[in-house]
Enquirer: 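My questions all concern the structure below.
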Amino acid sequence: MRELVYYIAVTIDGRIAGPRGEYDFFPQGEGEQATAYSTWMNEHLPETVPTAARDLFGLTDAPNVRFDTVVMGLGGYQPALQEGITSPYAHLRQYVVSSTLGDSPHPDVTVVESDPLGLVRALKKEEGKDIWLCGGGQIAGALLPEIDRMIIKSYPVVAGAGVPVFHGEFDPTLFDVTDRKAFDNGVMVTWFSRRRATDT
């Protein structure tokens with residue numbers, strides 16, 4: 001069965017964006033450090049690079065490695081809309097969960113007004129690669145019961161305020177670390193797998 005994977009960048013204090021959705025403060029490093037980091041990530045998850053930037057990184061015709069579908073909330077979709085981009089991941093099936101967006105601004109983007117859990121459960125039953133949960137924190141909180149794995153890019157910066165990695169009520173949910181990789185620019189990438197009842 002396909003899995004839902006939350007792949008996201010996070011600050012030391014658990015923010016995935018600033019108070020106005022900004023994310024340009026995440027430090028990438030300089031020179032060779034930045035190049036080595038982006039090259040490795042783009043090689044392993046090329047489909048997570050927005051379509052508009054794929055030429056820049058030499059990924060124009062790169063095949064999807066892990067995901068063929070992306071699910072995001074309005075908070076995750078909004079940065080692209082603000083730049084006039086209505087189909088940010090044209091190389092993936094795109095779903096935006098929002099009760100306020102209204103009609104889809106692009107024929108390749110499906111707007112789902114409610115029941116994100118039902119959407120993901122239906123997608124998991126289909127054939128295909130895994131499903132990328134792109135964010136933001138509201139949709140991640142709503143979909144926590146269906147998140148199978150997480151890939152967390154931890155950046156060495158404190159935001160102080162902003163969008164948390166998860167919104168929601170107190171609900172401890174265990175995940176196991178399955179892999180971890182440190183980069184010279186200070187970023188730590190950790191792979192998590194949901195701990196099932198049979199794992200305890």
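Given the structure is predicted, the values throughout are model-derived calculations rather than measurements. One is the number of the first residue; the rest follow in order along the sequence.
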Enquirer: Within the structure provided, determine whether Cys134 and Tyr7 are in side-chain contact (heavy-atom separation under 4.5 Å).
Expert: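 Answer no - side chains too far apart.
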Enquirer: The test is side chain to side chain contact (heavy atoms under 4.5 Å, CB included); show your working for Gln33 and Tyr37 and say whether it passes.
Expert: CA-CA 6 Å; Gln33 290 182 344; Tyr37 169 64; over 6 Å; no
Enquirer: Any donor and acceptor pair, going by atom type alone, linking the side chain of Glu146 with main-chain N or O of Leu144 inside 3.5 Å?
Expert: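 Here the side-chain-to-backbone pair does not exist.
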Enquirer: Set out, in order, the CA-CA distance, both residues' side-chain angles and the distance that settles side chain to side chain contact (heavy atoms under 4.5 Å, CB included) for His91 and Asn64, then state yes or no.
Expert: CA-CA 8 Å; His91 50 286; Asn64 297 336; 3.7 Å; yes
Enquirer: Verify the ring-centre separation between Tyr6 and Phe166: is it less than 6.0 angstrom?
Expert: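 Close enough - the centres of the two rings lie under 6.0 Å apart.
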Enquirer: Does CG belonging to Asp61 count more than 12 external heavy atoms closer than 6.0 Å?
Expert: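 No, CG of Asp61 has 12 or fewer neighbouring heavy atoms, counting only those of other groups under 6.0 Å.
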Enquirer: Within the side chain of Ser98, is there an N or O that forms a donor-acceptor pair under 3.5 Å with the backbone of Leu101?
Expert: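 Yes.
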Enquirer: Would you say the side-chain atoms of Glu126 pair up with the backbone N or O of Lys124, donor to acceptor, closer than 3.5 Å?
Expert: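 Checking the backbone N and O of Lys124 against the side chain of Glu126, no donor-acceptor pair under 3.5 Å is found.
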Enquirer: Using side chain to side chain donor-acceptor pair (under 3.5 Å), reason through Ser87 and Asp108 one step at a time and then give a plain yes or no.
Expert: CA-CA 7 Å; Ser87 179; Asp108 291 339; 4.6 Å; no
Enquirer: Applying side chain to side chain contact (heavy atoms under 4.5 Å, CB included) to Thr48 and Tyr89, what does each step give before you reach the verdict?
Expert: CA-CA 8 Å; Thr48 62; Tyr89 299 100; 5.6 Å; no
Enquirer: Kindly write out the residues that satisfy side-chain contact (heavy atoms from CB on, under 4.5 Å) with Val49, not counting sequence neighbours, or none if the list is empty.
Expert: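 Val49 satisfies side-chain contact (heavy atoms from CB on, under 4.5 Å) with Asn42, Ala53, Arg54, Phe57, Leu59 only.
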Enquirer: Specify the closest pair of heavy atoms between Pro145 and Ala142, including all atoms of both residues, with the distance to one decimal.
Expert: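 For Pro145 and Ala142, the tightest heavy-atom pair comes out as CD-O, 3.6 Å.
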Enquirer: Spell out, yes or no, whether Leu92 and Ile151 are grouped together once hydrophobic residues are joined by side-chain heavy atoms under 4.5 Å, including indirect joins.
Expert: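 As far as the 4.5 Å side-chain criterion goes, Ile151 and Leu92 are connected within one cluster.
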Enquirer: Rounded to the nearest 0.5 Å, what's the gap from CG on Leu56 to OG on Ser38? Could you check?
Expert: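 Leu56 atom CG to Ser38 atom OG measures 9.0 Å (nearest 0.5 Å).
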Enquirer: side-chain hydrogen bond (donor to acceptor under 3.5 Å, both in side chains) with Thr69: which of Gln94, Glu47, Arg2?
Expert: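 Of all the options given, the one that passes is Arg2.
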Enquirer: Could you tell me whether Glu3 and Arg194 make a salt bridge, using a distance below 4.0 angstrom between a side-chain N and a carboxylate O?
Expert: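 Salt bridge between Glu3 and Arg194, a charged N being under 4.0 Å from a carboxylate O: no.
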Enquirer: Taking the side chain as every heavy atom from C-beta outward, state whether Tyr23 and Pro79 have any atom pair closer than 4.5 Å.
Expert: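 Contact flag for Tyr23/Pro79 side chains = yes.
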Enquirer: Rounded to the nearest 0.5 Å, what separates atom CD1 in Ile8 from atom CG in Leu133?
Expert: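 That separation rounds to 7.5 Å.
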Enquirer: Kindly work out whether a path of hydrophobic side-chain contacts (I/L/V/M/F/W/Y, heavy atoms less than 4.5 Å apart) joins Val163 to Val70.
Expert: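 Per the 4.5 Å side-chain linkage, Val163 and Val70 are not co-clustered.
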Enquirer: Closer than 3.5 angstrom, by distance alone: can the side chain of Ser154 be matched with the main-chain N or O of Val10 as a donor-acceptor pair?
Expert: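 Judged by distance alone, no pair lies under 3.5 Å.
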Enquirer: Which distance, rounded to the nearest 0.5 Å, do you find between the OH of Tyr77 and the CD of Gln82?
Expert: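 One finds 12.0 Å between OH of Tyr77 and CD of Gln82.
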Enquirer: Quick one: are Val65 and Pro46 in side-chain contact, heavy atoms under 4.5 Å?
Expert: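 Side-chain contact under 4.5 Å: yes.
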Enquirer: Go through the steps to decide whether Phe183 and Met188 satisfy the test side chain to side chain contact (heavy atoms under 4.5 Å, CB included), and finish with yes or no.
Expert: CA-CA 6 Å; Phe183 293 88; Met188 176 77 72; over 6 Å; no
Enquirer: Quick check: does any side chain N or O of Arg15 sit under 3.5 Å from a backbone N or O of Ala159, one acting as donor and the other as acceptor?
Expert: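 No, the answer is negative, given that no donor and acceptor are paired below the 3.5 Å cut-off.
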Enquirer: Show the nearest heavy-atom pair for residues Ala34 and Gly29, with the distance to one decimal.
Expert: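 In terms of heavy atoms, the two residues are closest at CB-O, 3.5 Å.
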Enquirer: Under 4.5 Å between side-chain heavy atoms, hopping through other hydrophobics if needed: is there a path connecting Val109 to Ile85?
Expert: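 Not linked; separate clusters.
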Enquirer: For Trp191, is there any backbone N or O sitting under 3.5 Å from a side-chain donor or acceptor partner on Thr178?
Expert: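 A pair under 3.5 Å: yes.
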Enquirer: Transitive ILVMFWY cluster of Ile12 at side-chain heavy atoms under 4.5 Å: who else is in it?
Expert: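 So far as hydrophobic clustering goes, Ile12 is joined with Val158.
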Enquirer: What distance separates Asp68 CG from Ile131 CD1, expressed to the nearest 0.5 Å?
Expert: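 Interatomic distance, Asp68 CG to Ile131 CD1, rounded to 0.5 Å: 8.0 Å.
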Enquirer: About how many Å separate CG of Leu119 and CD of Glu113, when rounded to the nearest 0.5 Å?
Expert: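 Nearest 0.5 Å value for the CD-CG distance: 13.0 Å.
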Enquirer: Quick test of your reading: applying side-chain hydrogen bond (donor to acceptor under 3.5 Å, both in side chains), list the pairs with at least one residue in residues 129-142, sequence neighbours left out, ordered by first then second residue.
Expert: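 Only Arg66-Asp130 qualify under side-chain hydrogen bond (donor to acceptor under 3.5 Å, both in side chains).
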Enquirer: Inspect the contact between Arg149 and Asp176 and indicate whether a charged nitrogen and a carboxylate oxygen are less than 4.0 angstrom apart.
Expert: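 Salt bridge between Asp176 and Arg149, a charged N being under 4.0 Å from a carboxylate O: no.
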Enquirer: Using the rule that Ile, Leu, Val, Met, Phe, Trp and Tyr join whenever any side-chain heavy atoms are under 4.5 Å apart, tell me whether Leu123 and Met150 fall into a single cluster.
Expert: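 In one cluster: yes.
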Enquirer: So which atom in Val71 and which in Val97 form the shortest heavy-atom distance, rounded to 0.1 Å?
Expert: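 What the structure gives for the nearest pair is CG1-CG2, 4.2 Å.
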Enquirer: Distance check, rounded to the nearest 0.5 Å: Ile139 atom CD1 versus Leu143 atom CG?
Expert: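 It comes to 4.0 Å.
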Enquirer: Are any of the side-chain heavy atoms of Pro156 and Pro27 separated by less than 4.5 Å?
Expert: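 Answer yes - side chains close enough.
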Enquirer: Under 4.5 Å between side-chain heavy atoms, counting indirect links through other Ile/Leu/Val/Met/Phe/Trp/Tyr residues: same cluster for Ile147 and Val177 or not?
Expert: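 Same cluster: Ile147 reaches Val177 through Ile, Leu, Val, Met, Phe, Trp or Tyr contacts under 4.5 Å.
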